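Here the structure is a predicted model, which is why all the values come from computation and not from measurement. Letters A, B, ... mirror the listed sequences (proteins, then strands); counts begin at 1.
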Number of protein chains: 2
Amino acid sequence: MPNNPVTADRRHFEDLAVGEVIALGRITVTKEMIFTFAREFDPFPFHLDERAAKASLLGGLAASGWQTAGLSLRMLADAFLTTIASMGGLGFSDLKWKRPVMVGDSIGGTVTISALRRSRGHPERGIVTLDFDIRNQRAEPVMSMRLANLIELRDPTLPITEAAE
Amino acid sequence: MPNNPVTADRRHFEDLAVGEVIALGRITVTKEMIFTFAREFDPFPFHLDERAAKASLLGGLAASGWQTAGLSLRMLADAFLTTIASMGGLGFSDLKWKRPVMVGDSIGGTVTISALRRSRGHPERGIVTLDFDIRNQRAEPVMSMRLANLIELRDPTLPITEAAE
């Protein structure tokens with residue numbers, strides 16, 4: 001079975017192990033980034049107006065929680081997803097915003113491989129479960145979530161011992 | 001207790017009911033939107049390159065699933081969140097991408113209020129649970145998710161009968 005030429009030299013399902021920890025880079029969130037994202041996706045005063053933000057529950061200008069999620073995805077793409085034979089995301093669960101990301105905060109953290117399963121219906125596909133632990137520059141948790149992502153097998157004839165989907 | 005002047009004329013916790021269905025608007029996803037979002041958050045060939053996209057599992061250029069989530073949030077903001085005394089999101093669960101959103105597809109759908117709970121620790125806050133059912137122009141499901149959002153009470157002295165948090 002020919003390998004996909006785009007992903008042939010990347011890590012495949014067989015090359016991953018439960019417990020592997022991926023260190024993410026770090027992104028500093030600027031006022032301009034907060035405004036640009038909020039105008040398009042999350043148009044609320046506490047993401048768009050410094051005075052209104054001070055009066056809100058957040059106590060100051062903060063990034064949309066969805067921007068934190070998007071930036072975390074980007075850090076995972078750079079550190080990991082672009083180095084594996086990824087076939088795309090399936091969905092995620094248990095996203096929690098634990099603390100606001102304020103203007104000037106920088107976010108980073110780790111992603112841990114918490115499960116690896118074969119697809120029963122598609123022997124050439126595996127599912128990797130990834131647990132995000134996103135923290136600010138004071139190492140305080142700001143977001144957690146669990147992502148399920150499809151990944152190619154190098155050898156789809158490997159017997160399926162534990163399957164999903 | 002004085003009401004928040006920003007949200008005084010908006011619907012509060014007491015004004016919502018489980019089972020209420022919010023009809024979303026509709027957004028058509030263009031190639032430029034897909035490229036712009038993917039370059040920033042989800043830099044994969046099937047979101048960035050039409051030829052690579054044709055060879056991928058998706059079979060053509062498709063929006064990042066996170067863009068579908070962001071656009072759905074934006075539609076909910078326009079149709080609902082900006083009309084209530086929202087205090088921000090808490091997190092979400094069970095996001096599933098069910099079908100790709102291809103270039104030229106338009107997405108819309110409904111959001112249903114599936115639960116309303118008081119906060120035990122903060123009597124002035126309630127939590128509204130919102131179930132998204134996002135569909136394309138052929139009424140095929142493309143994404144579902146459940147969002148938990150904080151909302152102010154108009155009258156925090158209301159007795160708490162069922163609480164959360």
Side-chain angles (χ1 to χ4, degrees), chain A residues 4-7 27 33 36-47 49 51-53 55-58 62 64-78 81-82 86-98 100 122 124-125 143-150 152, chain B residues 4-7 27 33 36-47 49 51-53 55-58 62 64-78 81-82 86-98 100 122 124-125 143-150 152:
Chain A
N4 179 334
V6 175
T7 56
I27 295 177
M33 286 165 70
T36 302
F37 187 94
R39 270 195 293 264
E40 187 166 0
F41 296 112
D42 202 359
F44 282 87
F46 36 83
H47 303 315
D49 177 323
R51 245 170 291 181
S56 79
L57 192 61
L58 302 177
S64 165
W66 301 64
Q67 184 165 21
T68 306
L71 294 171
S72 300
L73 171 70
R74 176 54 192 262
M75 291 190 286
L76 184 68
D78 291 343
L81 292 177
T82 52
S86 171
M87 303 168 84
L90 286 174
F92 52 100
S93 55
D94 301 323
L95 185 147
K96 291 195 181 73
W97 292 301
K98 299 178 169 185
H122 300 274
E124 77 286 8
R125 301 181 193 169
M143 195 190 76
S144 62
M145 65 173 161
R146 170 168 283 189
L147 175 69
N149 205 82
L150 279 177
E152 288 169 21
Chain B
N4 179 335
V6 174
T7 56
I27 295 177
M33 287 165 70
T36 302
F37 187 94
R39 270 193 294 263
E40 187 166 359
F41 296 112
D42 202 359
F44 282 87
F46 36 83
H47 302 315
D49 177 322
R51 246 171 289 182
S56 79
L57 192 62
L58 302 176
S64 165
W66 300 66
Q67 183 166 23
T68 305
L71 293 171
S72 301
L73 170 71
R74 175 55 192 261
M75 290 190 286
L76 184 68
D78 291 343
L81 292 177
T82 52
S86 171
M87 304 168 84
L90 287 174
F92 51 99
S93 55
D94 300 322
L95 186 147
K96 291 196 181 74
W97 292 302
K98 299 178 168 185
H122 300 275
E124 77 284 9
R125 302 182 193 169
M143 196 190 76
S144 62
M145 67 172 159
R146 170 167 284 187
L147 176 70
N149 206 81
L150 279 177
E152 288 169 21

Side-chain atoms of residues 68-76 of chain B: list all donor-acceptor pairs with protein atoms under 3.5 Å, sequence neighbours left out, distances to 0.1 Å.
| from | atom 1 | to | atom 2 | distance (Å) |
| --- | --- | --- | --- | --- |
| S72(B) | OG | T68(B) | O | 2.7 |
| R74(B) | NE | D78(B) | OD1 | 3.1 |
| R74(B) | NE | D78(B) | OD2 | 3.2 |
| R74(B) | NH1 | R39(A) | O | 2.6 |
| R74(B) | NH1 | E40(A) | O | 3.0 |

query = Tell me, side chain or backbone of F92(B) under 4.5 Å from chain A's heavy atoms, or both, or neither?
reply = both
Engaged part of S56(B) at the chain A interface, taking heavy atoms whose separation is under 4.5 Å = neither
inquiry  = Only pairs of heavy atoms separated by less than 4.5 Å count here; which of A52(A), P43(A), G65(A) has the most with chain B?
reply    = P43(A)
message = Using modelled atom types and a 3.5 Å cut-off, is there a donor and acceptor pairing between side-chain atoms of H47(A) and backbone atoms of D42(A)?
response = no
remark   = The interface call for M145(B) against chain A, heavy-atom contacts under 4.5 Å, is side chain
key: S86(B): partners by side-chain hydrogen bond (donor to acceptor under 3.5 Å, both in side chains), with sequence neighbours left out   = N149(B)
query = Side chain, backbone, both or neither: which part of W66(B) has an atom under 4.5 Å from a heavy atom of chain A?
reply = side chain
ask   = Hey, what do you get for CD (Q67(B)) to OG1 (T36(B)), rounding to the nearest 0.5 Å?
value = 8.0 Å
ask   = What is the distance from atom CG of L57(B) to atom CE of M87(A), rounded to the nearest 0.5 Å?
value = 4.5 Å
key: chain A contact via I27(B) - which portion, at a heavy-atom distance below 4.5 Å   = neither
